[in-house]
Amino acid sequence: MDKFIINGGNPISGSVDISGAKNAVLPLMTAALLVDGETTINSVPDLRDTRTMIRLLKIIGAEVAFKNNSLAINASGVNNLEAPYDLVKTMRASFYVLGPLLARFGEVRVSLPGGCAWGPRPVDYHLKGLEKLGATISLESGYIMAKAKYLKGNKISFDFPSVGATGNILMASVLARGETRIENAAKEPEIVQLCEVLNKMGANIIGIGTDKITVHGVDKLHSVDIDVIPDRVEAGTYLIAGATMGDITLNNCNPKHLEDVIDKLKLSGANISSTENSLSIEKIELVEAVDVTTEVYPGFPTDLQAQWMAFMSIANGKSTIIDTVYHDRFTHIPELNRLGADIQLKDNKAIVNGVKKLTGAQVMSTDIRASAALILGAIMAEGKTEISRVYHIDRGYDSIEKKFQSLGADIKRINQ
Ligand code: UD1
C-alpha cells in the first residue's frame, strides 16, 4: 500500500490544471450503456474509480479503450447484465449501471453496495423510483434483481434530492414509454451535464438544472462525443491550499460551480479573482474563522467539508461545520487532531477551535475527501507527516502528488 511523505511548511506558487470531474464521468460512462454503438468521452480524469468503472463496463461486455484522457466505450456487445459485489463494494457509483441496463435490456442484477465509512448510505430512492417506472425489484443473495418488459413513465418525488437516484432514474426514464416527472431532483452540475449528454444522445429532457425534471421517453439513443466538466471538488481543494500556502492559479475550472465556496473563502480573508475558466487566489495572512453548513447544490458541498475543516483548524478563532447531507462523515476529525488540530464533534456538528500551527504526524486516510483534508493539513503543518492508505485519494484525485510537487510542495509517494 502506498504512502505519502509530506514535509510541511513549503510555500506554494504557480498554476495547476484541474482535471475532469469524477462525479460527472462515472454516470456518463454508464450512460454509454444506453447506446448500441460507441460513445467518446474526453477530459477523463485518470483515477482509480475511472479504472474500476472501466473494469465493470468490460465485465458487462462493453469494449473500452482509455488513452490520453479519452475513453471510447462501445456498448454494442453487452452480454452480461450484472455488477458483481467485488466491484460495487469498492465503488458505490457502480450502482449507476442499474438504470441504463434495465432500460435497454429489461433486466439487471447489481450487488447491494452495503455500508460505507460515513454511514449506511441507502439506495431506497433508486429502487422505489424504478418500481414507479414499472420494474419488479427483488433481493437475492445480496443482489438487487430488477426486471421490466418495458419501463413506463410516472411521477417520482424524492424525499431528498439524491444525486445518485436522480442520475439512475434519468438514465432509466430516457428509454421509458411516455412521460416521467422527477420532483425534488438533484441540481448538481454533474447531473446537469448528464441531462445535457443524454439530450445530445437523442433523449428529450426538460427542466435541466431545476428540481422538476420532465423526461419524454424515446425509442433509441445514438453515439456522441463529449467533454467532461471540470472537477469542482478538486478545484475547491486547491483553492484552500492556495489560501493557506501561497498565491496560485487554477486553470480549466468553472468558477460558476464554486460560488458558495468562493464566498466562504472571501469571508475567511481570501483575495480571489476569476475568468470564465480560471481562478487565482492569494495566500491569506490571518485566516478568519468561518462557519459552514453543507447543503445540496448550490450550497456548500459535503465533498469539501473535510478540506474546509483542515482550513479552519488554523483559523483565528472558533468555527462550526455542520454536515446536513451525510451526518456521519467525520472520520477525518481524529486524524486532523493528530496533527494538532482542536476539533470536537457533537452529532453532525464539528466545533473547530483554531490553533496557531499544526505539526506533522503519522495519519491514516479513511475516504477520498478525508484524505484530501489530511494532505492540506500536512502541507500546512510544521515537520513531517506520513499519510497511509492513500489508495483512497487515488480514487478521486488525478496525480495529486505531481500537481502539488509542481506547485512547490514537498510531497513524495512511497511504494511499499
Ligand atoms: C454523490 C457523490 C458524492 C457526494 C454526494 C452528495 C457521486 C459518485 N458521488 O453521492 O461524492 O458526496 O453525491 O453530494 O456522484 N439517500 C437515501 N436514499 C437513497 C439515496 C440517498 O437516503 O436511495 C440519502 C443519503 O444517505 C444521503 C443523501 O441522500 O444522506 C444524499 O445522497 P446522494 O445525493 O444520493 O449521494 P450519492 O449519489 O451516493
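When a ligand or atom number is given, it counts from 1 through the structure's own listing order.
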Please say whether V325 places an N or O atom under 3.5 Å from an N or O atom belonging to ligand 1.
yes
Exercise: do Q307 and H332 side chains pair donor with acceptor under 3.5 Å
no
For atom 35 (O) of ligand 1, tell me which residue out of S162, G167, A165 has the closest non-hydrogen atom.
S162
Answer with yes or no whether the side chains of T180 and K152 bring together a donor and an acceptor at under 3.5 Å.
no
Going from CE on M309 to CG on L336, what distance comes out if it is rounded to the nearest 0.5 angstrom?
7.5 Å
Of Y96, Y125, F95, Y326, the residue with the heavy atom nearest atom 32 (O) of ligand 1 is Y326
I want to confirm something. Looking only at heavy atoms, which of G299, P301, P122 is nearest to atom 22 (O) of ligand 1?
P122
Contact atoms of ligand 1, heavy-atom distance to H126 under 4.0 Å:
23 (O)
Of S274, S15, S280, which meets side chain to side chain donor-acceptor pair (under 3.5 Å) against T249?
S280
Do D36 and S76 pair up side chain to side chain, a donor and an acceptor below 3.5 Å, judged on atom types alone?
yes
Assess the side chains of N42 and D225: does a donor N or O sit below 3.5 Å from an acceptor N or O?
yes
Within less than 4.0 angstrom of ligand 1, does K128 place any heavy atom?
no
Does only the side chain of R329 get under 4.0 Å from ligand 1, or the backbone, or both, or neither? Count heavy atoms.
side chain
Tell me the contacting part of T302 for ligand 1: side chain, backbone, both, or neither, using a 4.0 Å heavy-atom threshold, strictly below.
side chain
Verify the distance criterion only: is there a donor paired with an acceptor across the side chains of Q305 and D323 at less than 3.5 Å?
yes
Location of contacts on F160 toward ligand 1, heavy atoms closer than 4.0 Å:
side chain
Would D367 and H392 count as having a side-chain donor-acceptor pair, cut-off 3.5 Å?
no
Distance-only N or O hit between ligand 1 and G164, under 3.5 Å
yes
Taking only heavy atoms of D303 into account, list the atoms of ligand 1 that are under 4.0 Å away from them.
3 (C), 4 (C), 11 (O), 12 (O)
May I ask you to identify, for D124, whether its side chain, its backbone, both or neither come under 4.0 Å of ligand 1 on a heavy-atom basis?
both
Is it true that the side chains of S278 and N251 contain a donor and an acceptor less than 3.5 Å apart?
no
Hey, is R92 one of the residues with a heavy atom under 4.0 angstrom from ligand 1?
no
